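Please read the structure below before turning to the comments.
Atoms within a ligand are numbered from 1 in the order they appear, just like the ligands themselves. A quick note: this is a predicted structure, and the numbers were derived from the prediction, not measured.
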Amino acid sequence: MKYEFPKNFLWGAATSGPQAEGTFNKKHRSVFDYWYDVEPDAFFDKIGPAVTSNFYNSYKEDLAMLKSIGFNSFRTSIQWTRLIDDFETATIDEDGFRFYNDLINEALKLGLTPVITLSHFDLPYELYEKYGGWESKHVSDLFALYAKKCFELFSDRIKNWTTFNEPMVVVEGQYLYQFHYPKLVDAKKALQAAYNINLSSAKAIKAFKDGGFDKNGARIGIVLNLTPSYARSEDKKDVQAANFADIFFNRMFLDTAVKGKFPEELVEVLSRDKMLWESTDEELKLMDENTVDFLGINYYQPRRIKARDDEFDESKGWMPEKYFDNYIMPGRRMNPYRGWEIYPKAIYDIAINIKENYNNIPWYISENGMGVEGEEKFRNKDGMIEDKYRIDFVREHLECLHKGIEEGSNCFGYHMWTPIDCWSWSNAYKNRYGFISLNLENQEKTIKESGYWFKEVAENNGF
Ligand code: BGP
C-alpha cells in the first residue's frame, strides 16, 4: 500500500441535524426554518428543511448503511431547537432527548464513533428576534447553558465535542455577503458577532472543563472552515493583501480557538478603522484560558488574493475588501456546480501550518467534498451512480493530507461531506455530496461507486 494512515484514524463523513433530520416533532424554529417559512423562493426548487433526508425517522437504517461502507466514525449536530424546550433555562424537550439519546446509543452499538457539534448555523429564531442572536452576549451565556446540558446528558458516551461549525460562515452569510438570513451588510455587527461567537465557544469550553466532562479521553474542539490564502504574485502588495484575508477569514477564529488570542494585526487594523468589537478584560481572559483540545477543519477551496487596484470606497461602510481583492486565477480548476476551485495541495499547506504555527495541535479533516448537480445521469443499469470524479477528488486530497502527516502533522482523521445526500442551506438538493444517493421522491438510498471505493480505503486504512 502506498498511502498508509496512522493507527485509529477516523474514517467517515459529516452531516448536521438541520440538514439531515427533517423538522419532525421539533418545537422551535431555527433561523433557517424561519427563513424558509417567509421566503421559500430563496431555496432551490423551493425545497425547505421539513423532510430533508428523514434522519429523524431512519437513523437506524442510515447508520447501518454508513457502517456498511467502512465508516468507523461520523459527525452530526444536535439541534438547539430540538433538544431544548426553554432557551433561557435550558430545560429539555423529552422527544428531542429521546431522539439524540437513541441515535448516540445506536451509533455506539454499531461501532461508529460520533463527533457531536453543538451549533451548525441553526441559531434558534426566537433568540435572533429577541436579542439579535450572536450580536448579543446574553445569547453567548444561553449557548453555554445549552452546551452544559448536552455534556450532562451525553458526555458519558460522547468523547469528541465541537462547539461551532464554521462560525466564519455565519458571520459572512448573515452579516457581510448576504447568503444567510437576514442577509445584512453590516461589518460592525459582523465583527461583534465574530467576537461573541468566539466568546460563546470559550464559555462552552469552560463549562466542559469546570463540569469535569473532560475525563476518560473526552475532548472539546471547534470546526473551522479554513481557506488558505494564496497571493497572486510575490509582489509585496499582493502578499500583504493575502495576509489580511488570512487574518480576517481564517485567523480571527483559528488563533482565538487555539491560542486564546485574536491576531494582533487584526486588532490593530480594526482599532485604527474604529471597527473593533466591544470586549472586556474578563471576557478576553476567559477566551485565553479556555482554548480547544483539537480542531476540526473543513476544507473545500482556497482563496486567491491580489492587492486592490483602486482605493476602497468606504462611503457605504467598512468591508474587509478594503484591504484585498479576490483574484480569478487563470487556469484554475473548478467544480462548476458549486463554483469552488479544486486545489488539493491546500490540505498539505493546512497540515503544515497547524504543525508549525499552532503547536501541532491534534486535528482532523471534518469536511471535504464535491457537490455535483444532476448525478442521476451517472446512474448505471444496476442502479449505481458512477461518481468517478468524487473518487478522484478524495484520492487527490488524501494524497496531500498523507504527505502532511508523513511530515509530522498531527492529523487523526478524514471526514467527507457528507454520508447521504442532504439538504443544503439554500441550494437545498441541487448539488449532491454524498457517498450514498437519496431519491427525494421515495427516500430510497443507494450507495454510489465512491461509497464502495471509500469502504476499501477505510478498511485498509489507506490505499
Ligand atoms: C459547509 C457546511 C455544510 C455543507 C457544506 C457544503 O460550509 O458546513 O453544512 O452545507 O459546506 O456546502 P453547500 O451546502 O453550501 O454546498
Side-chain angles (χ1 to χ4, degrees), residues 12-22 30-33 35-36 42-45 47-49 52-53 55 74-80 115-123 162-174 176-181 183 197 201 221-228 249-250 253 295-303 334-342 346-347 350 364-375 387 389-390 393-394 397 414-436 438 440:
T15 187
S16 75
Q19 294 176 272
E21 288 169 17
S30 73
V31 277
F32 279 90
D33 300 326
W35 183 19
Y36 180 73
F43 297 78
F44 185 77
D45 274 352
I47 295 176
T52 62
S53 314
F55 193 53
F74 77 109
R75 179 169 69 103
T76 189
S77 68
I78 292 177
Q79 295 195 70
W80 196 350
V115 181
I116 295 290
T117 296
L118 297 173
S119 181
H120 196 125
F121 305 166
D122 57 338
L123 175 77
T162 59
T163 55
F164 284 87
N165 177 78
E166 300 193 347
M168 193 62 210
V169 168
V170 176
V171 174
E172 291 177 58
Q174 196 168 331
L176 294 172
Y177 305 118
Q178 299 183 289
F179 59 89
H180 284 185
Y181 179 84
K183 298 187 268 184
I197 298 177
S201 179
I222 191 167
V223 171
L224 302 178
N225 55 308
L226 295 189
T227 48
F249 294 104
N250 298 320
F253 283 96
L295 283 171
I297 291 176
N298 294 355
Y299 170 68
Y300 288 92
Q301 56 169 343
R303 211 177 268 278
M334 293 295 286
N335 169 1
Y337 310 100
R338 190 61 180 83
W340 286 347
E341 183 183 339
I342 298 177
I347 245 178
I350 288 172
Y364 82 116
I365 287 287
S366 38
E367 286 180 31
N368 178 219
M370 193 183 177
V372 173
E373 191 172 357
E375 286 198 312
D387 54 345
Y389 42 86
R390 184 166 289 110
F393 179 99
V394 181
H397 282 82
Y414 176 84
H415 279 184
M416 272 284 275
W417 185 266
T418 188
I420 300 170
D421 289 343
C422 70
W423 188 76
S424 162
W425 306 104
S426 58
N427 279 328
Y429 281 93
K430 174 180 170 287
N431 301 318
R432 305 302 185 98
Y433 284 86
F435 283 131
I436 296 167
L438 173 80
L440 262 183

Distance filter under 4.0 Å, heavy atoms only, around ligand 1 gives Gln19, His120, Asn165, Glu166, Asn298, Tyr300, Arg338, Trp340, Glu367, Trp417, Ser424, Trp425, Tyr433
Residues at least two apart in sequence or cross-chain that pass salt bridge (charged side-chain N to carboxylate O under 4.0 Å, His left out) with Asp387, listed by chain then number, are Arg390
Regarding Ser426 and Tyr181, do their side chains bring together a donor and an acceptor under 3.5 Å, going by distance alone? no
Applying side chain to side chain donor-acceptor pair (under 3.5 Å) to Arg303 and not counting sequence neighbours gives Thr227
Would you say the side-chain atoms of Asn368 and Tyr414 include a donor-acceptor pair closer than 3.5 Å? yes
Say whether Tyr389 and Glu375, considering side chains only, have a donor N or O and an acceptor N or O under 3.5 Å apart. yes
Residues passing the salt bridge (charged side-chain N to carboxylate O under 4.0 Å, His left out) test with Glu166, sequence neighbours excluded, are none
